[in-house]
Amino acid sequence: MSESTSDPLRRSIEVEYWVVEEDGSFTDPGGLVDASPGAEREFVEPVLEVKTTPCDSAAELREELYERLGDVLARAEEVGKRLVPLATPLSEEAVTELESDRTRIQNRVVGSDFQYARHCVGTHVHVEQRPGREIDQYNALVALDPALALVNSSPYYDGKRLAAGARSKLYRRMTYDDVPHQGRLWRYADDTREWSRRLERRFEEFLVRAEAEGVDRATIEANFDPESAIWTPVQLRAEFGTVEWRSPDCSLPSDVVRLANSVAGVVKYLDGATLRIDGDDGRVTDEQVVLPEFDAVLRYVNAAIEDGLDSAEVRSYLDRMGFDVDAYSPVSHEIDGRETVTPADARELRLTHADRLERDVRSAVRQ
C-alpha cells in the first residue's frame, strides 16, 4: 500500500542486536558504541542499540539505518565482534545487567521475573504524532500490533521452544505477569486525556509498589516519570512527539525498514481517511481505516505470538490491514522444529545470522 501524498509523516527506528565474539559467545559492545551516531548500550551487557533520527520518507529511513549499521559493522570487523539479529539467546544463557538505579528499581518492583526481560532484543518504531489525530494514531497502532508476526525471529528460550514469537511471550506473559497493567497491550483510548489518566494511575501504582519494596520516593522519581515507568507495546510519547510501537523482534534491517515504513504508511492514511472501530475483521482502504473491536485484536495478537505467520487468520488480517505478508519470511519459522537448542547450537545459529546481517547491509550499500 502506498502512502498518501500530503505532508510527510516522519518515522524512526530503534533496533537492538546481540553482540558476540567470533565464536558466537556473548560479549560487551565496547568501542562499537562510538562507531556511529545513534549507537548506544542497552541495560544488559551484550546488547547494542542503533537508532535513526526522524526521517521524512521510506528511502531516507532506509539510507540512514543502513549507513549507521554499516559504520558499526566496519568497527566490529576491526575488533572481531559480530551483531546478531535474533530476538533471544536461544539456549540457556546467563545475560549480565549493567548496574544502574533504574534496573535495580525494576528488579525490586518486578521481582525475579525481570530475568526474562534480560533475554530479549527487539525493535521500536516511532511515528510522528499528527496534531488532533494522536488518539486515532494510537488506536491504529494498537490494531496493527499483530504485525509483530512478520518479523518473529526466535521461537526459543532457555534451549526450548516457547512460541513463534518467544520474545513477545517473555515480555507480555512472563516478565510482567505479576505486575498489573504492565507488559500487555492496552485497550483503545477515547482521547488524550484518557491516555494521560492511564499514565498517572500506572505511575502511582509503580510508586506504591517500589516504595513497598524499600525504594525511597526520591530515587524512584529521579529515574522514572509517568511516561518512562510503563511497559506496554504501544505508547504516546510526549517526550519525542511520536506514537511508539515496541512489539517487533529485532530482525534483518531490510525487514525492519520494510515493516516500519509499512506501519507508517497505514498510519499516514489517517490524514485523508476516516477511522472507525467495528466488528472483528478490520481493513484499510483509500477512504477508511476500520479497526476491529479490541477483543478481536487480542485474538490476532495471541495467534501472532503463538503461531506467527503459520496462522491463516493472522495472515488474512494483516493482508486486510495493508501489509504485503508474502514479502516477509520470519526467521522463527525457519529455525523452528528443534526439541532443544544446546549452547553450541546457539553459537552456530548466531554466527549464521550474523553473516546474514552483514550480507544484508553490504547488499544495500551496493544498490
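A quick note: this is a predicted structure, and the numbers were derived from the prediction, not measured.
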Under 4.0 Å between a Lys/Arg side-chain N and an Asp/Glu carboxylate O for Glu339 and Lys160?
no

By ring pair (Phe, Tyr, Trp, His ring centres under 6.0 Å) - contacts of His119 (at least two apart)
Tyr157

Listed partners of Ser12 passing side-chain contact (heavy atoms from CB on, under 4.5 Å), at least two apart:
Thr52, His126

Which residues satisfy the ring pair (Phe, Tyr, Trp, His ring centres under 6.0 Å) test with Phe206, sequence neighbours excluded?
Phe224, Trp231

Listed partners of Tyr17 passing ring pair (Phe, Tyr, Trp, His ring centres under 6.0 Å), at least two apart:
none

Could you check whether Arg102 makes a cation-pi contact with Phe43, meaning its NZ or CZ is under 6.0 Å from the centre of the six-membered ring and within 45° of the ring axis?
no

Looking only at non-hydrogen atoms, find the nearest pair between Ser332 and Ala163 and report the distance.
OG-O, 4.5 Å

Between Arg184 and Asp177, does any NZ, NE, NH1 or NH2 come within less than 4.0 Å of an OD or OE carboxylate oxygen?
yes

Any residue meeting side-chain contact (heavy atoms from CB on, under 4.5 Å) with Glu227, in chain and number order, not counting sequence neighbours
Asp225, Arg237, Ala238, Glu239

Looking at Arg209 and Glu205, is there a salt bridge between them, counting it only when a charged N and a carboxylate O are closer than 4.0 Å?
no

Can you list everything that forms a side-chain contact (heavy atoms from CB on, under 4.5 Å) with Gln137? Sequence neighbours excluded, please.
Leu9, Val127, Gln129, Arg130, Val243, Val267, Leu270

Is the number of heavy atoms from other residues, nucleotides or ligands under 6.0 Å of Glu77 CD greater than 12?
no

Could you check whether atom CD of Glu22 has more than 12 heavy atoms from other residues, nucleotides or ligands sitting under 6.0 Å from it?
no

List, by chain and then residue number, the residues other than Val208 in its hydrophobic cluster (Ile/Leu/Val/Met/Phe/Trp/Tyr, side-chain heavy atoms under 4.5 Å); write none if there are no others.
none

Run the numbers on Ser251 and Asp249 for side-chain hydrogen bond (donor to acceptor under 3.5 Å, both in side chains), then give the verdict.
CA-CA 6 Å; Ser251 189; Asp249 285 357; over 6 Å; no

Cationic N near anionic O, under 4.0 Å, Arg315 to Asp310:
no

Could you pull out all residues at least two apart from Tyr156 that satisfy ring pair (Phe, Tyr, Trp, His ring centres under 6.0 Å)?
none

Any donor-acceptor pair under 3.5 Å from Asp319 side chain to Ser316 backbone:
no

Going by atom type alone, with no hydrogens or angles, which donor-acceptor pairs under 3.5 Å involve a side-chain atom of residues 275-282 and a protein atom two or more places apart or on another chain?
{"from": "Arg276", "atom 1": "NE", "to": "Gln288", "atom 2": "OE1", "distance (Å)": "3.2"}
{"from": "Arg276", "atom 1": "NH1", "to": "Asp278", "atom 2": "OD2", "distance (Å)": "3.2"}

Testing the basics here: between Val289 and Val284, what is the closest heavy-atom pair and its distance to 0.1 Å?
CG1-CG2, 4.1 Å

Contact list for residues 241-260, test ring pair (Phe, Tyr, Trp, His ring centres under 6.0 Å), sequence neighbours left out
none

May I have all residue pairs that pass salt bridge (charged side-chain N to carboxylate O under 4.0 Å, His left out) and include part of residues 86-100, sequence neighbours excluded?
Glu93-Arg350, Glu97-Arg118, Glu99-Arg104

Partners of Arg201 by side-chain contact (heavy atoms from CB on, under 4.5 Å), sequence neighbours excluded?
Arg197, Arg198

Kindly say whether Leu298 contributes a backbone atom to a donor-acceptor pair with the side chain of Asn302 at under 3.5 angstrom?
yes

Do NZ/NE/NH1/NH2 and the carboxylate oxygens of Arg68 and Glu49 come within less than 4.0 Å?
no

